[in-house]
Amino acid sequence: MSRWQELTGGTSGQDYAARFAALARGGQDVHGEARFCAALMPAGARVLDAGCGTGRVMIRLAQLGYDCVGVDLDASMLAVAQKRAPELPWFQIDLAEFESDLLGIAADFDLVVAAGNVFPLLAAGTEATVVERLAAVLRPGGLMVAGFGLDEAHLPVPPGITLAEYDDCCAAAGLSRVDRFATWDAVPYDGGGYAVSVHRR
């Protein structure tokens, strides 16, 4: 069982969506991840939203002209995504078992994005497998972007994977680090408790 399932019981989709809706109504920008991705790839690029949740990032990218596919394990989160954008492709699958062939989708993504603390919320011990499976669907030269917390202040669970461990997983999967930031607004990383990492296949 993933840490996310242990934390939420797989029933938090509506609450999660409501929280971000409230932030948006309050004037906060809830599209930083999509804006970050759009700065990396031109419109029309093929994007896999790994751990897409309620679809906040992917729906925005689709609105900006990207060719998107979303995958997530949590049925309650996907139900929200499918209701919001039924025209987009959403798949329920554990990222540790993700294979594009099983879903009938091509393994030629320009960008894979894992936002929302995906890696710290995986089942313990599956991180390297997930990186390998996500890297496998990137075209040569494609990018993988992951943003996640590294300390208790930035996570709803005890800290898990470190940046060094994540980089090692990426290297083993044939990915090399391009850059690292402290936020989705591309603030340079200074060793803080949250990081956005960009790796290239």
Side-chain angles (χ1 to χ4, degrees), residues 2 31-73 77-78 81-82 85 87-122 126-148 161 163-181 183-186 189 195-201:
S2 71
H31 295 303
E33 299 99 328
R35 187 171 56 253
F36 183 95
C37 291
L40 295 175
M41 290 284 168
R46 197 152 182 268
V47 179
L48 175 69
D49 189 347
C52 61
T54 59
R56 176 176 53 87
V57 176
M58 176 168 144
I59 292 170
R60 180 60 177 160
L61 284 171
Q63 291 170 343
L64 294 173
Y66 292 83
D67 179 12
C68 300
V69 174
V71 294
D72 201 286
L73 179 59
M77 303 282 272
L78 283 173
Q82 290 167 333
E87 73 283 3
L88 297 178
W90 309 100
F91 296 95
Q92 184 180 3
I93 192 168
D94 188 329
L95 290 177
E97 300 172 356
F98 171 65
E99 291 183 31
S100 59
D101 289 351
L102 295 178
L103 303 180
I105 56 178
D108 63 350
F109 288 94
D110 300 294
L111 177 70
V112 171
V113 57
N117 285 321
V118 168
F119 280 97
L121 292 169
L122 295 171
T126 66
E127 297 88 353
T129 298
V130 170
V131 171
E132 181 181 2
R133 289 181 181 271
L134 296 179
V137 301
L138 278 172
R139 64 166 179 77
L143 298 176
M144 184 156 79
V145 179
F148 54 85
I161 189 169
L163 286 179
E165 290 167 343
Y166 178 70
D167 284 343
D168 286 346
C169 291
C170 287
L175 304 176
S176 57
R177 182 154 64 92
V178 175
D179 218 333
R180 177 160 285 145
F181 303 94
T183 70
W184 291 97
D185 291 323
Y189 183 69
V196 179
S197 304
V198 182
H199 288 74
R200 187 185 306 277
R201 181 177 179 189

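Closest of all the heavy-atom pairs between A81 and I59 is O-CD1, 4.4 Å.
The backbone N or O of L73 sits less than 3.5 Å from a side-chain atom of Q92, completing a donor-acceptor pair. Of the possible donor and acceptor atoms, one in the side chain of D72 sits under 3.5 Å from a partner among the backbone N and O of C52.
A salt bridge does not link D49 with R60: none of the charged nitrogens is closer than 4.0 Å to a carboxylate oxygen. A salt bridge is absent between R46 and D110; no separation between the charged side-chain nitrogens and carboxylate oxygens falls under 4.0 Å.
Applying the side-chain hydrogen bond (donor to acceptor under 3.5 Å, both in side chains) rule to pairs touching residues 129-138 yields E99-R133, sequence neighbours excluded.
If you check the side chains of S176 and R200, you find no donor sitting under 3.5 Å from an acceptor.
For the pair E33/L61, no side-chain contact is recorded, criterion being any heavy-atom separation below 4.5 Å from C-beta on. V145 has its side chain within reach of L111: a pair of non-hydrogen atoms, C-beta onward, lies under 4.5 Å apart. With a 4.5 Å cut-off on side-chain heavy atoms, R201 and L143 do not count as touching. At a threshold of 4.5 Å between non-hydrogen side-chain atoms, the residues L95 and E127 do not count as touching. Side-chain contact check for T183 versus Y189: every heavy-atom pair is 4.5 Å or farther apart.
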Show me the side-chain donor-acceptor pairs of residues 36-43 shorter than 3.5 Å, one per line, residues at least two apart or across chains.
none

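With sequence neighbours excluded, no residue forms a side chain to side chain donor-acceptor pair (under 3.5 Å) with N117.
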